[in-house]
Amino acid sequence: MKIDAAKVIVCSPGRNFVTLKLFTDQGVTGVGDATVNGREKAVVAYLEEHVIPCLIGRDPRRIEDIWQYLYRGAYWRRGPITMAAISAVDVALWDIKAKMAGMPLVDLLGGRSRDGVMVYGHANGADLAETVDAVGRYIELGYRAIRAQSGVPGLAKAYGVGRGDLHYEPAGVGLPDETVWDTRKYLAYVPKLFEALRDAYGPGPHLLHDVHHRLTPLEAAQLGKALEPYNLFWLEDATPAENQEAFRLIRQHTTTPLAVGEVFNTIWDAKDLISNQLIDYIRMAVVHSGGLTHLRRIADFAAVWGVRTGCHGATDLSPVCMGAALHFDAWVPNFGVQEYMRHTEETDAVFPHAYYFEAGALHPGDAVGHGVDIDEALAAKYPYERAYLPVARLEDGTMWNW
Ligand code: CS2
Ligand code: MG
């Protein structure tokens, strides 16, 4: 059996996506997500110019060998572009293998450890009242876990507050939007938001919050401590994680659970965080972490120290990534939660999928493979348009972390 062709499909049904489709000489195809938000064309070039020529003629059943070939053979290892390209190939190969075996991907991984995969939705609002209402709407929709992000008094824009509360889309066409950040205003406000949420909804709902890399380690420790009375499910990306050691300071001051990793792309980014028990959830997504072959190794490593998975699932990760993630989530023993930012209708139409939402959980469905495909004719109606994530500056103009 051989890979006899490969195609990179770039489309923009509501936002940009990069999808790799692999073709075999036995007529079975597989698809993988290769989207890196704001740097999409870099992955397209990496795949088309450097990866695909090495794939043609290879046996698609040799998933591990192809992964090792693309990882070790690059020489310039790791990084978001490289690992997203490897992920797209890996997920497409797992899709092919499961289709050849006539089974849903989860059965190839080891079978289901749970029926439904608990997800968290994104509630947001311009102010505290709007955000409290938005969380209430997600509870009515059946969500047991809800991320709450709110506008901050004195800041024109805040992370995670979008246009409407079901489809928050940070990327925008044209040059990067410049936003202004002030930590003191943020730190003074966030505890009030979670006090109001607990007052409104009690101890039941799992509440999550994403700091989005904005604090210093000590500020993150202060926030974690201030939020302890509200018993968050997790505080995410509390401080930039290039320095894994920074989380030791946070850990020394607070028992609020910590989640990190959506910007990581190999186990090396998280090895010390996990083995020193500095975090509670690892957020790496299938698309950004080299695919299922690497992500399940990371999950098994995390399990040794009681760290659970909490895969990233924003709108810039395509339904192909979500489909593969749900099969992984249904299998992985140390599962925590799956992020679920709902895609737009156009996106869902371009990527027909078997997964479905029910009672606060996503279910991968029973289709063979990962259960997601791409409608190439429809995708062609949504041409790529360069888009960027915003940038952030402090009020004095200093560049900061968006
Ligand atoms: C966020 C993401 O979902 C999250 O936790 O951090 O929305 C992130 O901002 C985007 O994926 C960036 O493309
Ligand atoms: Mg995040």
Side-chain angles (χ1 to χ4, degrees), residues 12 14-18 33-43 80-81 83-84 87 119-124 138 143 145-150 157-173 176-177 179 181 186 190 206-215 220 223 232-241 257-265 269-270 273 279-289 309-322 325 336-344 347 362 386-392 400-402:
S12 194
R15 54 149 300 103
N16 293 321
F17 292 110
V18 179
D33 183 16
T35 308
V36 175
N37 198 358
R39 296 297 183 270
E40 292 86 356
K41 286 301 188 75
V43 190
I81 306 305
M83 299 313 291
S87 166
V119 294
Y120 70 88
H122 277 213
N124 61 78
Y138 272 87
Y143 285 79
I146 303 114
R147 186 187 91 162
Q149 306 290 142
S150 167
K157 291 182 183 176
Y159 162 71
V161 180
R163 301 173 285 279
D165 65 5
L166 288 185
H167 299 295
Y168 161 59
E169 177 51 71
V173 296
D177 183 26
T179 65
W181 175 254
Y186 170 78
V190 172
H206 294 301
L207 298 176
L208 302 86
H209 184 67
D210 191 347
V211 182
H212 220 259
H213 324 281
R214 307 285 171 99
L215 303 180
L223 179 59
L232 266 62
F233 184 89
W234 82 32
L235 188 66
E236 177 185 345
D237 283 334
T239 193
L258 301 173
V260 74
E262 69 181 46
V263 297
F264 293 173
N265 47 76
D269 297 324
L273 286 166
I279 59 172
D280 303 279
Y281 297 92
I282 184 68
R283 291 265 295 138
M284 296 165 83
V286 172
V287 61
H288 297 133
S289 60
T309 65
C311 291
H312 185 202
T315 47
D316 46 288
L317 286 61
S318 92
V320 174
C321 177
M322 180 56 84
V337 71
Q338 169 66 52
E339 178 176 4
Y340 179 39
M341 271 177 84
R342 289 160 60 180
H343 289 107
T344 62
T347 298
L362 277 174
R386 187 172 57 224
Y388 289 97
L389 284 169
V391 299
W400 200 243
N401 312 308
W402 175 75

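Atom set for the values below is all heavy atoms of this structure, side chains included, hydrogens, waters and symmetry mates excluded. Counting convention: from 1, in listed order, for ligands and their atoms alike.
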Heavy atoms only: which of M341, E339, Q149 is nearest to atom 4 (C) of ligand 1? E339
May I ask you to identify the nearest protein heavy atom to atom 7 (O) of ligand 1, giving residue, atom name and distance to one decimal place in Å? Y159 OH, 3.4 Å
Give the minimum heavy-atom separation between T179 and K157, together with the two atoms involved. CG2-CD, 4.1 Å
List every atom of ligand 1 that sits less than 4.0 Å from any heavy atom of N37, numbering the atoms from 1 in the order shown and giving each element. 13 (O)
Give the contacting part of L389 toward ligand 1: side chain, backbone, both or neither, where contact means a heavy-atom distance below 4.0 Å. side chain
Of W234, Y138, Y143, Y281, the one forming a ring pair (Phe, Tyr, Trp, His ring centres under 6.0 Å) with Y120 is W234
List ligand 1 atoms under 4.0 Å from A314, heavy atoms only on the residue side. 2 (C), 3 (O), 7 (O), 11 (O)
Using a 4.0 Å cut-off to any heavy atom of R147, which atoms of ligand 1 qualify? 1 (C), 3 (O), 4 (C), 5 (O)
Between W402 and P170, the two heavy atoms sitting closest are CH2-CB, 3.4 Å
For atom 10 (C) of ligand 1, what is the nearest protein heavy atom, given as residue, atom name and distance? D316 OD1, 3.4 Å
If you look at E236, which of its N/O/S atoms is nearest to the Mg ion (ligand 2)? OE2
Protein heavy atom at shortest distance from atom 9 (O) of ligand 1: H212 NE2, 2.8 Å
What are the two closest heavy atoms between D316 and H312, and how far apart are they? OD2-CE1, 4.5 Å
Could you confirm whether D237 has any N/O/S atom lying under 2.8 Å from the Mg ion (ligand 2)? no
Taking N or O atoms only and a 3.5 Å limit, does W402 qualify as a polar contact for ligand 1? no
Does the gap between the ring centers of W181 and Y159 come in under 6.0 Å? no
With a cut-off of 4.0 Å, which atoms of ligand 1 are near a heavy atom of E236? 5 (O)
dist L208:CG -> L232:CG (nearest 0.5 Å) comes out at 7.0 Å
Does E262 reach ligand 1 with a nitrogen or oxygen that is under 3.5 Å from one of the ligand's nitrogen or oxygen atoms? yes
Taking only non-hydrogen atoms of D210 and a 4.0 Å limit, the atoms of ligand 1 in range are 1 (C), 4 (C), 5 (O), 6 (O)
Only one of L223, N401, L235 passes side-chain contact (heavy atoms from CB on, under 4.5 Å) with L215, and that residue is L223
Minimum heavy-atom distance Y186-D210, with the two atoms named: OH-O, 4.4 Å
Give me the atom names and distance for the closest heavy-atom approach of W400 to R214. NE1-O, 2.9 Å
So is Y120 polar-close to ligand 1, meaning N/O to N/O under 3.5 Å? no
Give me the atom names and distance for the closest heavy-atom approach of A171 to L389. N-CD2, 4.2 Å
Which N, O or S atom of E262 lies nearest to the Mg ion (ligand 2), by name: OE1
Let me see the working for T35 and V43 under side chain to side chain contact (heavy atoms under 4.5 Å, CB included), right down to the final yes or no. CA-CA 7 Å; T35 308; V43 190; over 6 Å; no
Between D210 and the Mg ion (ligand 2), is there a contact where an N/O/S atom of the residue lies under 2.8 Å from the metal? yes
